[in-house]
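A short worksheet on the structure shown next.
Here the structure is a predicted model, which means the values were calculated and not measured. Lettering of chains follows the sequences in order, A, B, ..., and the numbering in each one begins at 1.
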2 protein chains.
Amino acid sequence: MLWEVLYLKKTRMTNQRLKILEYLRSVKTHPTAETVYEAVKKTLPTITLATVYRNLNHLAETGEINRLLVRGVSHFDADTSCHQHAVCKECGRIIDLHKNTLIQESLKKIRIPGFKPRTVCIMIHGICDKCEINNKKRKEQRKKKKKTGKKKTKRLLRS
Amino acid sequence: MLWEVLYLKKTRMTNQRLKILEYLRSVKTHPTAETVYEAVKKTLPTITLATVYRNLNHLAETGEINRLLVRGVSHFDADTSCHQHAVCKECGRIIDLHKNTLIQESLKKIRIPGFKPRTVCIMIHGICDKCEINNKKRKEQRKKKKKTGKKKTKRLLRS
DNA sequence: TTCCTAATTAATAATCATTATCATTAACTG
DNA sequence: CAGTTAATGATAATGATTATTAATTAGGAA
């Protein structure tokens, strides 16, 4: 077997699964299934999006990678060390928060009657500097114009 | 105006919005849009699911209610006081965690360069006692039978 | 090495939560 | 009370994710 099996599952290391895992380990971002698909397709042109989803789910279940739900979409992270994330409400940018020892100490002390905690997901929602600057600019422009054409509509994904 | 306006938005308190808010305030669960729809339909039979979604989004944006993403689906909570949630990976049960003062103290101390935190979402994933007992039972049954008919398939929603 | 079997794949259809569109209605402002 | 515009109802569309199925293949056993 080419990797560390965490659970005693009858699991096969396929080329597809390997490439997906290698890709995830090579990046510091938190790609979506779609992004992983686009990347892996370069070396495995016949791979399908469904296969990527299946493997990401499999890898997440065995604990090989982490899933984080951001604005209704799954993002994946091969860094399974304990860390938290900040997400910009405007652009969806994800920021890694390592070394929050204070939080991590608190989390160790959590006890919930009738419940066995496994993983803790901390998501800090806010606004990144870029978006805050953009917002200010837009506000000022709105003051000047007051009435222009239609607004563009786009699908909004909520946090 | 029938309610407290948090933002200076030109907002109208419609019967639909009011009933949705009243329903959310009357329950201690964390209903989905669908559940809210089914409940409110009893007093407003012509209301549509789209209207429920529109209002839940509106109420969440103004801070009147909270949204929590659980296994890919939005749940809503009229209790906006600072508290956290535990979610069972198996059944999706949501447990309120009040009085985690240790965590809350830690959260106040978070500082992220280039980022303005607004809200913090803590989700503890694990397994509730009911599901753990069920899992044990299923395992034992599998040992006895070893081979039966097909498994039922159902759409899985991931955490 | 070769064979066997179940895990996995590619291709594609289906699902389902959520949002967009738009003509119509109704809440608030003056 | 009238004008404006936010909000609604009805419905279609979107998009992320999962199900289905016949064909393939990884990896243990012979």
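- Rounded to whole Å, atom P of dT18(D) lies 17 Å from atom OH of Tyr37(A).
- Looking at every heavy atom in both residues, Cys88(B) comes nearest to Arg71(B) through O-NH1, 4.1 Å.
- The nucleotide whose nearest atom lies closest to any side-chain atom of Lys10(A) is, among dA6(D), dT9(C), dA7(C), dA7(C).
- Using a cutoff of 4.0 Å between basic side-chain nitrogens and carboxylate oxygens, Lys41(A) and Glu38(A) are scored as salt-bridged.
- For Ala50(A) and Asn15(A), each mapped to the nucleotide of DNA chain C holding its nearest heavy atom, the one lying further toward the 5' end belongs to Asn15(A).
- Gln16(A) comes within 4.0 angstrom of sugar-phosphate atoms only, judged by non-hydrogen atoms across all strands, and of no base.
- Comparing Arg54(A) and Glu34(A) by the nucleotide of DNA chain D that holds the closest heavy atom to each, the one mapping nearer the 5' end is Glu34(A).
- His58(A) has its NE2 atom 13 Å from the C1' atom of dA26(D), to the nearest Å.
- Of all nucleotides listed (dC28(C), dT8(D), dT8(C)), dT8(C) comes nearest to the side chain of Thr11(A).
- Counting to the nearest Å, the P atom of dA16(D) and the CG atom of Asn57(A) are 15 Å from each other.
- Here the side chain of Arg12(B) is nearest to one of dT9(C), dC28(C), dA17(C), namely dC28(C).
- When heavy atoms are screened at a 4.0 angstrom cut-off, Ser74(B) is found touching the sugar-phosphate backbone but no base atom.
- Residue Leu18(A) contributes atom CG, which lies 10 Å from atom P of dG27(D) at whole-angstrom precision.
- Remark: P of dT8(C) and CD1 of Ile47(A) are 14 Å apart, rounded to the nearest angstrom.
- Regarding Glu61(A), its CD atom lies at a distance of 14 Å from the C1' atom of dT17(D), rounded to whole Å.
- Atom NZ of Lys41(A) is separated from atom P of dT9(C) by 17 Å (rounded to the nearest Å).
- Nearest to the side-chain atoms of Tyr53(B) among the listed nucleotides dT19(C), dG9(D), dT9(C) stands dT19(C).
- Shortest non-hydrogen contact noted between Ile112(B) and Ala86(A) is CD1-CB, 3.9 Å.
- Classified by interplanar angle (parallel below 30°, tilted 30° to 60°, perpendicular above 60°), the ring pair His85(B)/His30(B) is perpendicular.
- Using a 4.0 Å heavy-atom distance criterion, Thr48(A) is classed as a base contact.
- Between atom NZ of residue Lys19(A) and atom CG of residue Leu24(A) there is a gap of 13.5 Å, rounded to the nearest 0.5 Å.
- The 5' end of DNA chain D is approached more closely, in terms of each residue's nearest nucleotide, by Thr14(B) than by the other of Leu49(B) and Thr14(B).
- Rounded to a whole Å, the CG atom of Leu56(B) is 15 Å from the C1' atom of dT8(D).
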